[in-house]
Amino acid sequence: MSDSKLLRGTFILTAGTFLIRFLGIMYIIPFRTMVDGSGAALYQYGYIPYTIFLSVATGGVPLAVSKFVSKYNELGQYKTSRKIFSSGIILLSLTGLLAFLILFFLAPVLAAQIALDDTTGNTVEDITRVIRMTSIALLVVPVQSIIRGYFQGFQQMMPTTLSQLVEQIVRIAFLLGATYYVLQVSGGEMATAMGWATFAAFVGAIGGLIVLVWYWRSQRGELQALAETDASGITLSTWEMYKEIILSSIPFVLVGMTIPLYQLIDSLTFNQAMSYAGLADIAEDSFGVLNVDVRQLSNIPVIIATAFSITLVPAITKLYIDNDKKKLQRQISQVYQIILFLTIPAVIGMSILSYPLYVAFFGVRYVGIGGGLLAWAAPN
């Protein structure tokens with residue numbers, strides 16, 4: 001793969017990721033004008049368990065598929081890469097369904113651990129409802145991610161970027177519209193509004209899936225023609241295919257679950273710890289500020305590293321198959337240099353300007369909590 005193709009793919013994915021993250025930050029501003037700290041906490045209670053179960057359901061399989069599609073395409077074994085994709089679709093459809101069922105029925109148990117009591121903050125019933133409405137997205141998102149991994153294996157970053165962008169726009173539009181309607185128009189409860197706000201994950205995923213299906217249909221003839229050029233005569237059994245995918249996905253899932261596991265531990269222990277410290281009255285406000293406001297801002301540098309790393313996986317695989325170790329080392333070195341050059345100044349500046357930065361985005365309502373938390377969270 002040429003340097004220009006690597007940089008072009010990286011640019012598309014990085015630019016798209018920046019835009020998606022920018023929208024993710026911007027929507028928080030009108031969202032937080034409608035929702036108080038307790039509502040923001042309730043919103044996050046639904047997403048944290050969902051993120052854990054999504055990591056388990058996908059299991060790093062999309063990146064593994066991207067890797068092996070790139071590998072077998074380089075070897076001219078297009079039928080094998082197509083079979084890997086088909087097997088991945090079946091596997092993640094089943095794991096997504098299983099993850100949905102487990103999270104849906106486990107929701108009351110998680111809610112009972114999170115809630116302080118039925119008189120302080122959100123109730124067990126409120127949290128259960130939000131978790132269950134978020135869990136529905138598990139039926140769609142794993143399948144969506146495997147299609148993105150397949151296109152990335154062909155070094156095509158536009159389907160991933162455009163589908164993520166459409167997914168984010170649809171999700172945000174539904175989230176803000178539903179929250180405004182429930183709270184401002186119909187005069188509904190905060191728990192109802194947050195339930196529909198988290199359901200936006202499913203609605204957005206449908207939007208992203210439609211884009212991916214459109215790309216698939218538009219390129220189906222070209223992909224079929226490539227499969228017909230496969231003269232290798234090599235095929236993998238279904239067992240060999242699943243074994244290769246699962247073994248390769250283990251490192252991805254371990255890394256991908258690290259932060260969500262930390263967040264899950266926080267959600268299960270934060271309110272109780274604050275209550276024991278005599279701070280139960282500000283527990284949910286603090287949790288909402290930390291996991292909604294501060295996390296959105298502190299994650300900005302992370303998107304740079306993520307975009308480069310996602311693009312690099314197929315490139316590394318291709319160069320490894322070509323045994324071009326010198327070029328492989330040079331490209332990895334270049335990516336690391338760019339990441340460090342961009343992220344370190346951003347982190348330092350964010351820590352120093354944490355209080356004015358928080359006020360600029362979210363106002364002065366929770367600046368006493370948010371500014372201090374942002375200063376500590378940015379280096380993480």
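Throughout, numbering of the chain's residues begins at 1 and tracks the sequence.
- Side-chain atoms of N122 and Y45 include no donor-acceptor pair closer than 3.5 Å.
- In this structure, the side chains of L92 and T95 come closer than 4.5 Å at one or more pairs of heavy atoms.
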| message | Set out, in order, the CA-CA distance, both residues' side-chain angles and the distance that settles side chain to side chain contact (heavy atoms under 4.5 Å, CB included) for I89 and S93, then state yes or no. | response | CA-CA 6 Å; I89 287 284; S93 296; 4.2 Å; yes

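- Proximity of the aromatic rings of Y358 and Y355 is defined here by a centroid distance below 6.0 angstrom, and this criterion is not met.
- Under the 4.5 Å side-chain contact rule for hydrophobic residues, V185 and M194 share a cluster.
- The shortest non-hydrogen separation linking P142 to S145 is O-OG, 2.6 Å.
- Taking both residues in full, the closest heavy atoms of S286 and F270 are given as CB-CZ, 3.9 Å, listed atom of the first, atom of the second, then distance.
- Under the rule for a side-chain contact (heavy atoms from CB on, under 4.5 Å), the partners of I348 that lie at least two apart in sequence or sit in another chain are I344, I352.
- For the atom pair CD1 (I131) and CG (D126), the distance works out to 11.0 Å, reported to the nearest 0.5 Å.
- V294 and V347 are members of different hydrophobic clusters when ILVMFWY side chains are connected at heavy-atom separations under 4.5 Å.
- Using a 4.5 Å heavy-atom cutoff, the side chains of F287 and S267 are in contact.
- Between L165 and L23, the closest side-chain pair of non-hydrogen atoms falls below 4.5 Å.
- Screening I172, L176, L175 for a side chain to side chain contact (heavy atoms under 4.5 Å, CB included) with P30, the sole residue that qualifies is L176.
- Rounded to the nearest 0.5 angstrom, S86 OG and I90 CD1 are separated by 7.0 Å.
- Residues F53 and I102 have side chains in contact (heavy-atom distance under 4.5 Å, counting atoms from C-beta outward).
- For S186, the side-chain contact (heavy atoms from CB on, under 4.5 Å) partners two or more places apart in sequence, or in a different chain, are Y181, V182.
- The aromatic rings of F31 and Y43 sit tilted, their planes meeting at an angle between 30° and 60°.
- Side-chain N or O atoms of R82 include none that pairs as donor or acceptor with a backbone N or O of F85 at under 3.5 Å.
- With T161 contributing its side chain and M158 its backbone, the two residues share no donor-acceptor pair below 3.5 Å.
- The two residues L209 and Q144 come nearest to each other via the heavy atoms N-OE1, 3.2 Å.
- In this structure, S354 and W376 have side chains that are not in contact, with every pair of non-hydrogen atoms separated by 4.5 Å or more.
- A cation-pi arrangement, defined by a distance under 6.0 Å to the six-membered ring centre and an angle within 45 degrees of its axis, is absent between R171 and F202.
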| task | I would like to know whether R129 and T192 meet side chain to side chain contact (heavy atoms under 4.5 Å, CB included); could you show each step before the answer? | result | CA-CA 8 Å; R129 182 196 308 176; T192 303; 3.1 Å; yes

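- Residues G207 and V166 share a closest heavy-atom pair of O-CG1, 3.8 Å.
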| said: Please evaluate residues L42 and E284 with respect to the criterion side chain to side chain contact (heavy atoms under 4.5 Å, CB included), reporting the C-alpha separation (whole Å), side-chain torsions for both, the decisive distance (0.1 Å), and the verdict. | reply: CA-CA 8 Å; L42 181 59; E284 290 203 322; over 6 Å; no

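- The pair R148-E167 counts as a salt bridge, with a side-chain nitrogen and a carboxylate oxygen less than 4.0 angstrom apart.
- Within the 4.5 Å cutoff, the side chain of P108 has no heavy atoms near those of the V124 side chain.
- Annotation for Q184: atom CD counts as buried by contact number, over 12 foreign heavy atoms lying within 6.0 Å.
- Counting heavy atoms from C-beta outward, Q164 and I169 have side chains that stay 4.5 Å or more apart.
- Considering all non-hydrogen atoms of both residues, T160 and S163 come closest at O-OG, 3.0 Å.
- Note: L110 CG to L264 CG = 7.0 Å, rounded to the nearest 0.5 Å.
- Here I282 contributes atom CD1 and I369 contributes atom CD1; the two are 5.0 Å apart, rounded to the nearest 0.5 Å.
- M274 and I265 are not part of a single hydrophobic cluster, where members link through side-chain heavy atoms under 4.5 Å apart.
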| task | List the steps, then state whether side chain to side chain contact (heavy atoms under 4.5 Å, CB included) holds for F199 with T134. | result | CA-CA 5 Å; F199 184 73; T134 313; over 6 Å; no

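- Under the 4.5 Å side-chain criterion, counting only non-hydrogen atoms from C-beta, L138 is not in contact with F104.
- Minimum heavy-atom separation, W216 to Y150: CZ3-CE2, 3.3 Å.
- Note that CD1 of I146 and OG of S66 are 9.5 Å apart. Values are rounded to the nearest 0.5 Å.
- Taking the ring centroids of W196 and Y180, they lie at or beyond the 6.0 Å cut-off.
- Separation of atoms OH (Y47) and OG1 (T198) is listed at 6.5 Å; rounding is to 0.5 Å.
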